[in-house]
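Here's the structure, in structure tokens; my notes come after.
Reckoned from all heavy atoms, side chains included, excluding hydrogens, waters and symmetry mates. All figures in this text were calculated on a predicted structure; none of them were measured in a lab.
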Amino acid sequence: MRLHARLEATALTFLLPFLSELKISWAFAAAPLHFQREHWPLWTFGATIGAATASRVLMNALLTSAGDWLIAPILLMACAGAAAMLANPTSPLCAIVGIAAGHITDTAQVQASLCYRWRFGDPDAQKRALRLQAFSATFGYSSGALLGGAMYEHVGFRGCAILQVSLLCAMSIIAAL
């Protein structure tokens, strides 16, 4: 297997799913701590997560109708939302926008679609790739809250915002390539 194909396979089956779930789950520990420290109503965090998660239905419909290519510019827009959170982490609106941007842009549908097209005609390779994607996504999701809580304790919410911007920028680049 050529180096380019291996890099593509690694990005598609491991890196993108891992980063996608990590960008969602870091906030489950860090954001409530930040909301409490800033004396913001905790229900606003819950409402943010609920509304952002429900918005994924619309995002998936948009991606289905427009095509997978749309995920790269959508991730770039999410970077802007995360950058607002980084620029002003003590603003409730900026924190909400940054957190929601990560949750709305779940890329699982695009990952599966790309995986099916990646090895078209080789169902065994597709199955292996989908299993690796599922493992990677689970690993990212399960480690995200731990990472978010540890980062919040050691570097504060600004560090978590840097993480979110970095994850979204990396995902934008991977999706564009």
Side-chain angles (χ1 to χ4, degrees), residues 11 15-111 114 136-137 139-177:
L15 197 54
L16 195 58
F18 177 77
L19 296 177
S20 181
E21 296 305 318
L22 190 65
K23 79 170 170 50
I24 291 170
S25 62
W26 71 266
F28 292 137
L33 293 170
H34 185 62
F35 273 59
Q36 286 182 326
R37 187 169 287 167
E38 292 293 325
H39 304 291
W40 301 336
L42 201 51
W43 68 265
T44 57
F45 169 70
T48 299
I49 296 299
T53 302
S55 297
R56 288 183 193 165
V57 173
L58 298 173
M59 182 63 66
N60 286 338
L62 178 64
L63 289 168
T64 298
S65 65
D68 297 333
W69 65 270
L70 190 58
I71 196 64
I74 287 172
L75 286 168
L76 281 174
M77 287 189 296
C79 284
M85 179 173 68
L86 175 58
N88 194 356
T90 59
S91 162
L93 180 60
C94 291
I96 287 169
V97 167
I99 292 165
H103 274 71
I104 292 171
T105 56
D106 183 23
T107 60
Q109 173 188 355
V110 174
Q111 295 161 27
L114 291 173
S136 177
F139 181 54
Y141 193 77
S142 63
S143 60
L146 173 66
L147 177 65
M151 284 191 70
Y152 186 78
E153 289 298 318
H154 293 287
V155 294
F157 196 70
R158 185 172 298 278
C160 294
I162 291 170
L163 173 68
Q164 182 77 328
V165 170
S166 301
L167 291 172
L168 285 163
C169 287
M171 289 181 66
S172 298
I173 292 167
I174 292 169
L177 295 177

Once rounded to the nearest 0.5 Å, what's the spacing between atom [atom1] of [X] and atom [atom2] of [Y]?
{"X": "S20", "Y": "L168", "atom1": "OG", "atom2": "CG", "answer": "9.0 Å"}
{"X": "F157", "Y": "T90", "atom1": "CZ", "atom2": "OG1", "answer": "10.5 Å"}
{"X": "I162", "Y": "L86", "atom1": "CD1", "atom2": "CG", "answer": "5.5 Å"}
{"X": "L15", "Y": "S136", "atom1": "CG", "atom2": "OG", "answer": "7.5 Å"}

Would you say the side chain of [Y] lies within less than 4.5 Å of the side chain of [X], judging by non-hydrogen atoms?
{"X": "M85", "Y": "V97", "answer": "no"}
{"X": "I104", "Y": "L58", "answer": "no"}
{"X": "S143", "Y": "F18", "answer": "yes"}
{"X": "T105", "Y": "K23", "answer": "yes"}

Side chain to side chain contact (heavy atoms under 4.5 Å, CB included), that's the test. Do L147 and L163 meet it? Break it down for me. CA-CA 10 Å; L147 177 65; L163 173 68; 4.0 Å; yes

So which heavy atom on [X] is nearest to which on [Y], and how close?
{"X": "Q164", "Y": "G98", "value": "NE2-O, 3.4 Å"}
{"X": "I74", "Y": "M59", "value": "CD1-SD, 3.4 Å"}
{"X": "G144", "Y": "S25", "value": "CA-OG, 3.1 Å"}
{"X": "A175", "Y": "I71", "value": "CB-CG2, 3.9 Å"}
{"X": "M151", "Y": "G159", "value": "CE-O, 3.2 Å"}
{"X": "G81", "Y": "A101", "value": "CA-CB, 4.5 Å"}

**OP:** Before giving the answer on side chain to side chain contact (heavy atoms under 4.5 Å, CB included), spell out for C79 and L75 the whole-Å C-alpha distance, their side-chain angles and the decisive distance to 0.1 Å.
**Re:** CA-CA 6 Å; C79 284; L75 286 168; 5.7 Å; no

Subject >> Working for side chain to side chain contact (heavy atoms under 4.5 Å, CB included), residues H103 and R56 >> reply: CA-CA 8 Å; H103 274 71; R56 288 183 193 165; 3.8 Å; yes

- Sidechain-backbone polar pair: T53 side chain, G50 backbone, donor-acceptor under 3.5 Å: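 Not at all, since once roles are kept as given, no pair shorter than 3.5 Å links the two residues.
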
Donor-acceptor pairs are to be reported for all side-chain atoms of residues 27-49 against protein atoms at under 3.5 Å, with residues two or more places apart or in another chain.
from : atom 1 : to  : atom 2 : distance (Å)
H34  : NE2    : P89 : O      : 2.8
T44  : OG1    : P41 : O      : 2.5
T48  : OG1    : T44 : O      : 2.7

Open item on the list: L19 vs I174, test: side chain to side chain contact (heavy atoms under 4.5 Å, CB included). Steps then yes/no.
Closed with: CA-CA 10 Å; L19 296 177; I174 292 169; 4.0 Å; yes

